[in-house]
Amino acid sequence: MNTFKLDTLYASLHEAKEAVTKICLTEVSVGIILGSGLSAIADALEDQITIPYSDIPHMPQSTAPGHEGKLVIGKLNNISVACLQGRVHYYEGYSAQDLVFGTRFLHELGAKTLFITNAAGGIRENLREASLMIIDDHINMLGINPLIGANPDKLGERFFDMQEVYSKKLRALADEVLTEITPSLPVSHGVYLATSGPSFETPAEIRAFAALGADAVGMSSVPEAIAAKHMGMEVFGISMISNAAAGLSDEVLNAEHTLNNAALGAPIIVDIIIGMLKKL
Ligand code: HPA
């Protein structure tokens, strides 16, 4: 990426924001990226305004099942929130920079805090269908980094610290909220590992990932978290465990099953996010 392309990036972000400000003038303070099967989280927003990605210039279109491709702006607990109802993935053929346009766009709209949600396969023994994992850290096995190329200096520094991508403060807040709202729900903390997909993993890959220290595996989120950290956003990540990862159960892995199981987590994730926003 040369300087000219960086100018294009800044202009594209500006144009995308302008398309939104023509419809509603709100500056948002929180961004939420909704994962597979979790789009119902946007339904919790009050005074909603929905804008299809096709009306937002430069916004990459989502082709994955369960990713609706809409921006939903509204209020949660009186805080202005922008939700990306649908994300794009590397397996859809997008470039690393395309994967994070939405994250940068949320930042352009004013978001200082980013909630990232996803569906994931559970690797660690206690992470099975219908449990939640608060993301403490990640392992990037995508083989790409959205910041390769000329650094967009207006967004953040070339080299930056990745020791606390997922805010300690927000993780502690989530624990506090969880003990208040569902003391009996099994919630763990762990490491999310991102692979490219679209094929699910082989059992040998899952054994290798476990040895590397991964607790859950998925096909998203890591590029977004990197880009958000680059811009100095405070990041919170949560995985809805939709299945046991490959080789850990007799189940055949398929997208429909994953989506259906992930959807079960939407109401509790809404409660967690609302609870956290009350305490922010
Ligand atoms: N592997 C990768 N991505 C996933 C999985 C999985 O088992 N479940 C949900 N997303």
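Positions are given from 1, in the same order as the sequence printed here. Note that ligands are numbered from 1 as they come in the structure, with each ligand's atoms numbered from 1 the same way.
- One finds no salt bridge joining K278 and E180 here, because no Lys/Arg side-chain nitrogen approaches an Asp/Glu carboxylate oxygen to under 4.0 Å.
- For ligand 1, one of its N or O atoms has an N or O atom of E201 under 3.5 Å away.
- Listed by chain and number, the residues in a side chain to side chain contact (heavy atoms under 4.5 Å, CB included) with R128 are A244, L248 (sequence neighbours excluded).
- Note that CD of E164 is 10.5 Å distant from NZ of K169, once rounded to the nearest 0.5 Å.
- With ligand atoms numbered from 1 in the order given, ligand 1 contributes 9 (C), 10 (N) to contacts under 4.0 Å with heavy atoms of A119.
- Both cation-pi conditions hold for K154 and Y10: the charged atom is under 6.0 angstrom from the six-membered ring centre and inside a 45 degree cone around its axis.
- No donor-acceptor contact under 3.5 angstrom links the side chains of T103 and E224, judged on distance only.
- Close contacts between ligand 1 and G218 involve ligand atoms 2 (C), 3 (N) [criterion: under 4.0 Å to a heavy atom].
- Counting atoms of ligand 1 from 1 in the listed order, those under 4.0 Å from a heavy atom of N243 are 5 (C), 6 (C), 7 (O), 8 (N), 9 (C).
- The A120 neighbourhood of ligand 1 comprises atoms 5 (C), 8 (N), 9 (C), 10 (N), with distances under 4.0 Å to a heavy atom of that residue.
- Heavy-atom contacts of T258 reach the following atoms of ligand 1: 8 (N), 9 (C) (cutoff under 4.0 Å).
- R171 and E176 are not joined by a salt bridge, as no carboxylate oxygen comes within less than 4.0 angstrom of a charged side-chain nitrogen.
- Using a 30° and 60° split on the angle between ring planes, Y166 and H138 fall in the perpendicular class, above 60°.
- Heavy-atom proximity to S242, at under 4.0 Å, picks out these atoms of ligand 1: 8 (N), 9 (C).
- In terms of polar-atom proximity, defined here as any N/O pair under 3.5 Å, L253 makes no such contact with ligand 1.
- If you check each of G121, A246, S199, S239 against atom 5 (C) of ligand 1, the one with the closest non-hydrogen atom is G121.
- The single protein non-hydrogen atom nearest to atom 4 (C) of ligand 1 is V217 O, 3.8 Å, given as residue, atom name and distance.
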